[in-house]
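One structure is given here, and the rest of the page talks about it.
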Amino acid sequence: MNNRRKFLQHLTGGIAALPFLSLNSFATTGAEASGSSPELPYAGPVLRVAIMGLGGYGTMVAEAMRACKKAKLVGVISGTPAKINAWQTRYHIPEKNCYNYENFDKIKDNPDIDAVYVITPNALHKEQAIRVARAGKHVICEKPMALNAKEAQEMIDACKKANVKLLVGYRMHFEPKTLEIIRMRKAGELGKVQFFQGLTGFAIGDPGQWRLNKALAGGGAMMDIGIYSVNGARYMTGEEPVWVTAEETKTDPAKFREGVDETIQFQLGFPSGAVASCLSTYSMNFLDRFFVLGTGGFAELQPATNYGPIQGKTHKGPLTALHVPHQTVQMEEMSDIILQNKTPIVPVDGEEGLKDLKIIDAIYQAAKTGKKVPLSG
Ligand code: NDP
């Protein structure tokens with residue numbers, strides 16, 4: 001994640017000065033990964049997307065979408081007029097597809113936008129996603145989808161009521177080496193899964209950023225990076241946890257104020273008897289490792305969740321699947337999920353986001369009370 005942060009810091013240095021990445025070299029691998037032929041022009045449906053929140057990650061998604069065939073950036077929603085202007089030029093976005101946070105409900109009258117990708121600070125996701133749903137547009141929302149399970153449920157209900165799809169930006173669910181381990185686990189090649197270890201963290205910089213503001217972030221490292229270990233524990237074991245224990249440590253209470261977790265160690269217990277041991281932190285760099293162990297073998301990824309290339313091996317040898325830009329493949333796949341009702345190997349719907357937030361709620365409760373917290377599984 002350190003590299004990711006450095007990359008994002010670089011990107012957010014000012015849009016006007018951005019040395020925008022060329023993703024041309026990714027186009028072929030993106031097409032391969034999405035199963036479409038690099039030779040034949042794509043003639044199927046295209047998901048027309050507006051990005052809400054033109055920050056570091058929004059910029060990365062926009063650049064990655066240049067290589068998409070099945071998804072196209074057609075609109076923006078932003079509180080910063082200068083960014084809107086820059087994005088209009090950069091991505092050929094017409095004035096009629098530009099909105100701000102006050103007027104974006106009007107998107108309901110715009111037939112040229114199918115979906116809105118919400119990429120704003122965590123605390124804004126719920127209200128923004130619900131407004132998008134009420135405007136009749138499909139919602140793609142960044143992780144964590146909300147601040148807690150109650151909010152996530154409200155978003156799911158609103159999207160159901162509006163008859164639109166709700167997806168969460170879980171890019172690792174489309175990552176080839178991750179999917180190879182999941183395939184091996186499902187095929188029984190790891191035997192009976194007994195243990196998962198998830199270590200995710202990075203040393204966070206600027207103390208003034210929204211990620212360290214509870215009102216905007218909803219917590220600390222757990223909401224931002226620990227969620228990868230929570231999510232990974234579920235897709236690597238293939239089970240839902242039935243209990244949680246957790247311990248929190250803080251070395252810098254001035255930077256990590258009340259309600260903003262710096263480091264949490266947590267353990268999960270699964271119905272089969274498998275256990276997970278995880279670490280979420282904002283104070284250690286190079287922490288990005290998954291390990292899954294079964295009676296028949298093991299698999300490990302390091303890095304496991306950064307922008308890649310993801311590296312890994314199993315008891316059978318190195319994982320060799322090609323790296324593809326995560327956000328390109330994610331948007332290609334999400335186009336198929338939204339427009340063609342494709343079922344992904346690992347779900348990316350609102351229910352999936354809700355499951356993670358139920359566990360995170362329980363982790364916070366366990367860390368606070370020091371007690372083992374049961375989950376309904
Ligand atoms: P940034 O701070 O870089 O960008 C957030 C953008 O949100 C801002 O640039 C701004 O855009 C908009 N915004 C609206 N209201 C506010 C506010 N009150 N304070 C700050 N920004 C505001 O954050 P990131 O892009 O890094 O993160 C955004 C979301 O994406 C988070 O939920 C994060 O967890 C997620 N994320 C996911 C990643 C992944 O790999 N899946 C990686 C990184 C982030 P504008 O000026 O256009 O209004």
Side-chain angles (χ1 to χ4, degrees), residues 1-15 18 50-64 75-88 90 93 98-104 116-129 131 140-147 151-152 167-175 178 200 202 204-206 208-228 231-232 280 282 288 303-308 310 325-331 334 348 353 356-357 360:
M1 282 299 148
N2 190 32
N3 289 341
R4 179 184 100 173
R5 293 297 152 191
K6 278 191 189 142
F7 180 76
L8 282 183
Q9 277 163 10
H10 182 56
L11 278 180
T12 47
I15 196 155
L18 268 182
I51 290 183
M52 180 186 297
L54 313 182
Y57 195 60
T59 301
M60 189 165 205
V61 171
E63 283 300 297
V76 290
I77 300 154
S78 169
T80 312
K83 285 189 202 168
I84 296 181
N85 290 341
W87 281 53
Q88 278 193 265
R90 179 92 197 145
I93 295 169
C98 297
Y99 299 87
N100 59 42
Y101 299 115
E102 284 73 48
N103 69 12
F104 77 80
V116 174
Y117 195 161
V118 177
I119 317 185
T120 53
N122 309 340
L124 309 179
H125 293 177
K126 182 192 87 165
E127 194 218 315
Q128 290 170 338
R131 281 173 65 190
I140 305 172
C141 183
E142 254 320 310
K143 44 59 56 178
M145 70 183 279
L147 298 190
E151 283 194 0
L167 306 185
V168 183
Y170 285 130
R171 62 188 161 78
M172 300 317 296
H173 293 200
F174 307 104
E175 195 284 316
T178 304
T200 41
F202 63 96
I204 198 161
D206 176 14
Q209 65 186 286
W210 68 260
R211 282 183 166 80
L212 296 172
N213 173 349
K214 181 174 164 57
L216 281 171
M222 181 57 64
M223 299 300 285
D224 189 33
I225 192 80
I227 190 169
Y228 284 95
N231 191 243
S280 156
Y282 261 162
D288 188 12
T305 68
N306 75 6
Y307 297 139
I310 301 302
H326 299 172
Q327 298 80 9
T328 305
V329 183
Q330 175 197 321
M331 295 310 291
M334 286 188 167
V348 284
D356 284 343
L357 283 167
I360 290 175

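Note that ligands are numbered from 1 as they come in the structure, with each ligand's atoms numbered from 1 the same way.
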Are the side chains of [Y] and [X] in contact, using a 4.5 Å heavy-atom criterion?
X      : Y      : answer
Phe202 : Ile204 : yes
Leu54  : Thr80  : no
Tyr170 : Asp356 : yes

Would you say [X]'s side chain and [Y]'s backbone share a donor-acceptor pair under 3.5 angstrom?
X      : Y      : result
His125 : Thr120 : yes
Asn103 : Asn100 : yes
Lys143 : Asp224 : yes
Asn122 : Gly218 : no
Glu142 : Val118 : no

Please state which part of [X] comes within less than 4.0 Å of ligand 1, counting heavy atoms only: side chain, backbone, both or neither.
X      : value
Tyr57  : both
His326 : neither
Tyr228 : side chain
Asp224 : side chain
Arg211 : side chain
His125 : side chain

> Polar-atom distance check: Leu216 versus ligand 1, any N or O pair below 3.5 Å?
Replying inline: no

> Does Ile77, backbone or side chain, put an N or O under 3.5 Å from an N or O of ligand 1?
Replying inline: no

Numbered atoms and elements of ligand 1 in range of [X], under 4.0 angstrom, heavy atoms:
X      : answer
Arg171 : 39 (C), 40 (O), 41 (N)
Tyr307 : 40 (O), 42 (C), 43 (C)
Ser78  : 45 (P), 46 (O), 47 (O), 48 (O)
Gly169 : 41 (N)

>> Please state which option from Leu124, Thr120, Thr80, Asn306 has its nearest heavy atom closest to atom 16 (C) of ligand 1.
In response: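 Checking each option, the heavy atom nearest atom 16 (C) of ligand 1 is found in Leu124.
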
>> Any atom of ligand 1 sitting under 4.0 Å from a heavy atom of Tyr170?
In response: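 For ligand 1, residue contact (heavy atoms, under 4.0 Å) with Tyr170 is absent.
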
>> According to side chain to side chain donor-acceptor pair (under 3.5 Å), who are the partners of Glu151, at least two apart in sequence or on a separate chain?
In response: none

